[in-house]
Amino acid sequence: MCGLSDLFCEPPHSFGEAPFAQFVSVLLLWFEEHARDLPWRREYTPYGVWIAEVMLSQTQVARVVSYYERFLKRFPDVASLASASQEEVFLLWEGLGYYRRALDLHKAAQVISQEFGGTIPRDYVSLRKLPGVGPYIASAILAIGYNDPVLALEANGRRVLARFFGLSREHIPQEVVEHLASCIPQGKARLVNQAIMDFGALVCTPRNPKCSPCPLREDCVSCGREGSVGKAQKRILKNLRVALCFEDEMVLLEKSAGRLFAELFVFPWGEDTGDPKTWMEELGKRYDFTPENLHFVGAFTHAYTRYKVYVRVFRVLVRRQGEEGVWVPKGKLSKYPFPSLFRKALCLAFPGEYPL
Ligand code: SF4
């Protein structure tokens, strides 16, 4: 059994399969027709992807194309780049700006030559140790260069995910990244990753995203919110979380105090901010229980009144210390008139007993 310090001992599973798988398959189909023709996509190599991504990290795609072609012509592989002089590398970089990138590329090529026999490493930790290789470029080399099933999220990708799932683009939860990565079909990591990027560059653009013809619009939390459809469709976005706390067959309910679900019995819920573990400790103090195992079971989007919410659901095994709170036998929950958001949470937490 897990102690309080091991609240996350069970790995997350079932993160709302449908929207994630749908997201990936729709984008793959879209990419088949709309992929941009770019020189680093004609023949995929980890080296070519690395150079392209470093150039793209501070520069527009259209500007990078000619620089990339010239650079690859002169330095077609790690060995030729590593053995070049610094001046030569700078010369080919001239006009591209942010020269630190060229310096780091050159140094990293030398490290790869000396420590990895000229082969760009195929693991995240080694890649991150190379000069100038941050989390995104390391992931892009793995995903696009090596076609490994990881997700590389740059600004375009973060924006698409944030809008589609109703998240903050600064804090895309790791569960979302992992779940999407697990939905990548065998051998299609580079296509999925580039599909997300191109989609962000061409459809889900920073300003005036093209929501009307967007193939993701049906499931997108932000559809129409960013300006391309009428104001009447705007909804307020919220990230919520719901906890199903249980001990043996008893489940905790609380009476909703706010206007939204006024006077209804619901499962403990709140805005999804901060650490769920801390939230659970606070609930434990309020209802006199010790949380023993916090298990993330999934998420869903839900629309009501003016809101469109992204709800994460947790199932929490607790040890009760007193009589605080309203504890109801699990088998009797079907008699309670839950708002549909909480009904969905219940089905997600106890799928065998409460099928959707
Ligand atoms: S519906 Fe609009 S906001 Fe949502 S993914 Fe499509 S373009 Fe982006």
Side-chain angles (χ1 to χ4, degrees), residues 11-32 34-36 38 40-41 44-46 48-50 52-54 56-57 61 120-128 130 133-206 209 214-216 219-222 239 296 298-301 310 312:
H13 71 90
S14 173
F15 200 101
E17 298 276 343
F20 286 94
Q22 180 88 343
F23 178 85
V24 169
S25 60
V26 167
L27 285 187
L28 274 174
L29 274 176
W30 175 87
F31 193 62
E32 268 178 31
H34 300 96
R36 290 176 291 182
L38 297 168
W40 48 89
R41 290 179 176 175
Y44 289 102
T45 64
V49 168
W50 174 40
E53 290 299 339
V54 171
L56 287 165
S57 65
V61 172
I120 296 176
R122 196 174 177 168
D123 71 281
Y124 185 81
V125 174
S126 304
L127 284 167
R128 287 285 281 109
L130 296 172
V133 176
Y136 168 68
I137 290 187
S139 304
I141 291 170
L142 294 173
I144 307 171
Y146 282 113
N147 209 12
D148 287 344
V150 295
L151 211 60
L153 290 177
E154 37 67 274
N156 281 320
R158 301 188 82 82
R159 184 175 60 254
V160 175
L161 258 60
R163 284 178 180 164
F164 182 82
F165 293 108
L167 307 165
S168 148
R169 72 189 69 169
E170 282 76 37
H171 302 290
I172 307 287
Q174 191 53 25
E175 295 99 319
V176 171
V177 174
E178 285 170 11
H179 200 95
L180 273 175
S182 76
C183 291
I184 295 174
Q186 177 96 22
K188 301 220 164 156
R190 65 169 55 114
L191 297 183
V192 170
N193 276 278
Q194 293 176 111
I196 297 173
M197 283 176 204
D198 279 18
F199 195 79
L202 302 174
V203 180
C204 196
T205 45
C214 172
L216 290 173
D219 291 313
C220 175
V221 169
S222 308
N239 290 331
F296 168 70
F300 58 87
T301 53
Y310 180 75
R312 296 203 297 156

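All values derive from a computational prediction rather than experimental measurement.
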Val221 and Phe165: side-chain contact (heavy atoms from CB on, under 4.5 Å), yes or no, with the steps? CA-CA 6 Å; Val221 169; Phe165 293 108; 5.6 Å; no
Can you tell me how far CD1 of Ile120 sits from OG1 of Thr45, rounded to the nearest 0.5 angstrom? 7.0 Å
Taking Leu202's backbone N and O only, do any of them form a donor-acceptor pair with Thr205's side chain (distance below 3.5 Å, no angle check)? no
With side chains defined as the heavy atoms from C-beta onward, is the minimum distance between Leu28 and Pro185 less than 4.5 Å? yes
With the side chain counted from C-beta on, respond yes when Trp50 and Leu127 share a heavy-atom pair under 4.5 Å apart, and no when they do not. no
4.5 Å side-chain heavy-atom contact, Tyr136 and Leu153: no
Does any part of the side chain of Met197, heavy atoms only, come nearer than 4.5 Å to the side chain of Leu56, both counted from C-beta? no
Would a distance-only check, ignoring hydrogens and angles, find a side-chain to backbone donor-acceptor pair under 3.5 Å from Arg122 to Leu142? no
Any idea which heavy atoms bring Ser222 and Ala162 closest together, and the distance? OG-O, 4.4 Å
Any donor-acceptor N/O pair, Arg312 side chain to Gly298 backbone, under 3.5 Å: no
More than 12 heavy atoms of other residues, nucleotides or ligands under 6.0 Å from CD of Gln186: yes or no? no
On the 0 to 90° scale, with breaks at 30° and 60°, tag the His179-Phe20 ring pair as parallel, tilted or perpendicular. tilted
Val203 vs Trp30, side-chain contact (heavy atoms from CB on, under 4.5 Å): CA-CA, chis, key distance, verdict: CA-CA 10 Å; Val203 180; Trp30 175 87; 3.7 Å; yes
On a heavy-atom basis, which atom in Asn147 and which in Arg190 lie closest, and how many Å separate them? OD1-N, 2.8 Å
If you look at every heavy atom in Asn239 and Ser168, which pair is closest and at what distance? ND2-N, 4.4 Å
Between Gln194 and Ile144, is there a side-chain heavy-atom distance shorter than 4.5 Å? yes
Test item: Val150 and Tyr124 side chains (from C-beta on) under 4.5 Å apart, heavy atoms: no
Using only atom types and a distance under 3.5 Å, with no angle test, would you say the side chain of Glu154 pairs donor to acceptor with the backbone of Gly157? yes
Looking at every heavy atom in both Ala299 and Tyr310, which two are closest together, and how far apart are they? CB-OH, 3.7 Å
Find the distance between CG (Leu161) and CZ (Phe199) and round it off to the nearest 0.5 Å. 11.5 Å
So, Arg159 and Asn156: side-chain donor and acceptor under 3.5 Å apart, yes or no? yes
Close side-chain approach of Phe164 to Cys214, heavy-atom, < 4.5 Å: no
Closest non-hydrogen atoms of Arg169 and Arg158, given as atom of the first, atom of the second and distance, are O-NE, 2.9 Å
Using the side chain to side chain contact (heavy atoms under 4.5 Å, CB included) rule, pick out the option among Leu191, Asn193, Ile196, Val192 that qualifies with Leu27. Ile196
Does Thr301 reach the side chain of Asp219, with side-chain heavy atoms less than 4.5 Å apart? no
Are any side-chain N or O atoms of Asp198 and backbone N or O atoms of Ala35, one a donor and one an acceptor, separated by less than 3.5 Å? no
Exercise: identify the closest heavy-atom pair between Cys183 and Val24: O-CG1, 3.8 Å
Between the CD1 atom in Ile172 and the CG atom in Leu180, the distance rounded to the nearest 0.5 Å is 9.5 Å
